[in-house]
Amino acid sequence: MDAKISVLPGDGIGQEVTTEAVRVLNAIQEKYGHRFEYEYALIGGCAIDQMGTALPPKTLDLCKLSDAILFGAAGGPSWDDVPSEERPERAVAAIRKELDLFVNLRPIRGRQALAPVLPVKADLIGEGLDFIVIRELAGGIYYGEPRGFVKEADGERGFNTMSYTTREVDRVVRASFELARKRSKKLTSVTKENMLESSRLWREVAAKVSLDFPDVEIEHILIDACAYFIIQNPSQFDVIVTGNIFGDILSDEAGALVGSLGMCPSASYGHTNQGLYEPIHGTAPDIAGNGIANPIAAILSAALLLRHTFNLNNEAAEVENAVDRAIDKGFRTVDIRQQGLKTVGTVEMTDAIVAEIQQDS
Ligand code: IPM
Ligand code: MG
């Protein structure tokens, strides 16, 4: 198959891990005889430095024309002082909005082999921890207007607006029901309906959509309780759907549960197979440029790309299995470092994964 993939490494460790994800796609391409055509473009702080804007129109046009986008991360301390509407992170929000990628899948999978590095008791994870956070990605407080700063008598006020429309909730909840239907037929909708009108509406719409999915059980819980249960009893969850900011926060929390954010990929899409694939960890400026970042989140994002955009299920599983085998063989990056096992860098970890892909016949 021929495929057009935009590659947007971005800033910080985004650069390092995206390079490795492309190496893995190349290994798949060779093994299965596909043809992936990559086009590279700038986004984030590096785009501000080179083109004067975090999301150059050329980058956006390229993304619109491609089947899939492999993205690293954007932002970093060098751009802390730019005005908020020009920040590198706004480019990430803008690209999600422009492509109308309203579903953001963040699969959370615990691995037995990483039990010793978990911040929680390993028996909480067992073999069973495997759930998905679906974060609404094109609406909510990150986009709400009005927003800004105003001067006040005794200082300044910064403000944002959280809002959701019936349509915005309907489409992401519907997509979540579709997914839950293919899994364990249980969907958890997470809001703060006891305090927020946008959440009240969310719950009402979710309840209404649920009537179209009588075979799927829906549970409504509050965000604070959900944050608690993710640590206290995570295996009760299978598919969680929630708003933009809640999903942003819950997915980082869940990342800690499986040992490291460095293991957590994501896929974002709308009504078509076009998708944007990115690790959820961000730019990690503290370790950027040292060659020690964990490439697995980016590599697993590439697996999601194969599965979601191109429907290459075997190829996606091949990548995921190769990651598991590399972990089982004891390869560890610094974020999942374990006594008695060798700590490797970004490139060596990918070497181990690529070797597994090449070996497996
Ligand atoms: C994420 C990140 C981004 C977000 C930032 C970098 C804009 O935290 O993908 O989770 O808030 O969505
Ligand atoms: Mg985040």
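The shown structure was predicted, so the numbers you read here are calculated from the model rather than taken from an experiment. Remember, it's 1-based here, ligands and their atoms both numbered in the order they're listed.
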H281 and ligand 1 - part of the residue with a heavy-atom distance under 4.0 Å = neither
query = Less than 4.0 Å between a side-chain N and a carboxylate O, is that true for D238 and K185?
reply = no
query = So, are E320 and R109 salt-bridged, with charged N and O less than 4.0 Å apart?
reply = no
ask   = Taking atom 9 (O) of ligand 1 as the point of reference, which of R87, E278, R96 owns the nearest heavy atom?
value = R96
task = Output yes when a side-chain donor or acceptor of T346 lies under 3.5 Å from a complementary backbone atom of P295, and no otherwise.
result = no
request  = Flag R106 as yes when one of its N or O atoms lies below 3.5 Å from any N or O atom of ligand 1, and as no otherwise.
outcome  = yes
request  = Can you pull out the closest protein heavy atom to atom 11 (O) of ligand 1? Residue, atom name and distance to 0.1 Å, please.
outcome  = D248 OD2, 3.1 Å
query = Among the heavy atoms of R90, does any lie under 4.0 Å from an atom of ligand 1?
reply = no
request  = Could you tell me whether R135 approaches ligand 1 through its side chain, its backbone, both or neither, with non-hydrogen atoms closer than 4.0 Å?
outcome  = side chain
ask   = So, the side chain of K4 versus the backbone of L62: is there a donor-acceptor pair under 3.5 Å, distance only?
value = no
ask   = Are S301 and E278 linked by a side-chain donor-acceptor pair shorter than 3.5 Å?
value = no
ask   = Are K342 and E348 ion-paired here, with the side-chain N under 4.0 Å from a carboxylate O?
value = no
message = Regarding ligand 1, does Y142 bring an N or O atom to under 3.5 Å of one of the ligand's N or O atoms?
response = no
task = Name the closest protein heavy atom to atom 7 (C) of ligand 1, giving the residue it belongs to and the distance to 0.1 Å.
result = E89 CB, 3.7 Å
query = Salt bridge or not for K208 and D170, using N-O below 4.0 Å?
reply = no
query = What N/O/S atom of D248 gets nearest to the Mg ion (ligand 2)?
reply = OD1
